[in-house]
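As structure tokens, the structure follows; a few thoughts come after it.
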Amino acid sequence: MKKYEHISKMESILNDHSRMLEQLNDLLGRLEGQQQERQELIAYYYSDQRRQDLEDDNQGLIPETLNRGVLSEDGIYDLMSEDYETGIRMMELALKFIKNH
């Protein structure tokens, strides 16, 4: 059996890689489908509406029970930074895929 162990190993690599690519493509499809919402969030980050909401929050006008992570200093900014870093990582990995094809 040892003579053909490499076949089992290669089969495992094939199946794992195929499964990961399927999951990645599913996630990429979800990300692509949310681009309009993402742009809406970024527009809100720079908007007068958010500035007014921050002022209202500082004055205690927004109920404490309302989730308002979008008003934090870093929430949206960190997401934009993570988008950027993830985009670069995806491009670098895609380049490796293409070069090693």
Side-chain angles (χ1 to χ4, degrees):
M1 183 67 176
K2 279 190 175 242
K3 183 175 180 179
Y4 298 108
E5 281 183 20
H6 64 280
I7 294 174
S8 294
K9 179 181 178 183
M10 295 303 117
E11 183 72 17
S12 179
I13 292 170
L14 172 66
N15 292 335
D16 288 347
H17 193 78
S18 294
R19 188 172 25 261
M20 285 187 282
L21 285 176
E22 184 178 330
Q23 292 170 347
L24 176 60
N25 281 309
D26 287 345
L27 286 171
L28 288 173
R30 290 172 55 195
L31 282 170
E32 285 174 336
Q34 289 191 330
Q35 287 307 295
Q36 182 176 344
E37 287 89 352
R38 179 185 169 277
Q39 287 306 116
E40 201 174 320
L41 180 64
I42 292 169
Y44 174 71
Y45 181 73
Y46 293 109
S47 72
D48 290 335
Q49 178 66 62
R50 183 171 179 273
R51 282 187 275 287
Q52 181 62 53
D53 292 343
L54 282 167
E55 188 176 312
D56 289 351
D57 191 41
N58 289 334
Q59 292 178 11
L61 300 174
I62 298 178
E64 292 290 323
T65 56
L66 183 66
N67 290 333
R68 52 193 185 282
V70 294
L71 300 180
S72 71
E73 276 188 46
D74 298 327
I76 298 172
Y77 180 83
D78 287 350
L79 181 67
M80 291 187 302
S81 295
E82 189 172 347
D83 276 352
Y84 178 82
E85 293 298 324
T86 300
I88 289 176
R89 184 175 176 198
M90 286 189 305
M91 287 190 302
E92 289 172 344
L93 182 58
L95 188 57
K96 285 179 184 177
F97 279 7
I98 292 166
K99 283 184 173 181
N100 294 324
H101 188 6

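FYI, side chains are in, hydrogens and waters are out, and symmetry mates aren't considered; it's all heavy atoms of this structure.
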**Q.** Residue list, side-chain hydrogen bond (donor to acceptor under 3.5 Å, both in side chains) with Q49, at least two apart or on another chain
**A.**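 Partners of Q49 by the side-chain hydrogen bond (donor to acceptor under 3.5 Å, both in side chains) criterion, ordered by chain and then number, come out as D53.
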
Q: Apply side-chain hydrogen bond (donor to acceptor under 3.5 Å, both in side chains) to D56 and list each qualifying residue two or more places apart in sequence or on a separate chain.
A: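 For D56 the side-chain hydrogen bond (donor to acceptor under 3.5 Å, both in side chains) partners, ignoring immediate neighbours, are Q52.
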
Atom of [X], atom of [Y] and distance for their closest heavy-atom approach:
X   : Y   : result
G69 : S72 : O-OG, 2.8 Å
R50 : V70 : NE-O, 3.0 Å
I42 : M80 : CG1-SD, 3.6 Å
H17 : F97 : CE1-CZ, 4.2 Å

4.5 Å side-chain heavy-atom contact, [X] and [Y]:
X   : Y   : answer
Q35 : R38 : yes
Q59 : E55 : yes
I13 : K9  : yes

Is there a continuous path of hydrophobic side-chain contacts, each under 4.5 Å between heavy atoms, that joins [X] to [Y]?
X   : Y   : result
Y46 : Y77 : yes
I62 : I76 : yes
Y84 : L27 : no

Which distance, rounded to the nearest 0.5 Å, do you find between the [atom1] of [X] and the [atom2] of [Y]?
X   : Y   : atom1 : atom2 : answer
K96 : K99 : NZ    : NZ    : 10.0 Å
L14 : I7  : CG    : CD1   : 13.0 Å
L31 : D26 : CG    : CG    : 11.5 Å
N15 : M20 : CG    : CE    : 10.5 Å
L79 : T86 : CG    : OG1   : 9.0 Å
E32 : Q34 : CD    : CD    : 11.5 Å

Using only atom types and a distance under 3.5 Å, with no angle test, would you say the side chain of [X] pairs donor to acceptor with the backbone of [Y]?
X   : Y   : result
R68 : P63 : yes
S12 : S8  : no
S47 : Y44 : yes

Q: Count the heavy atoms of every other residue, nucleotide or ligand shown that sit under 6.0 Å from CD of E73, and state whether that count exceeds 12.
A: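 Check fails, neighbour count at 12 or below.
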
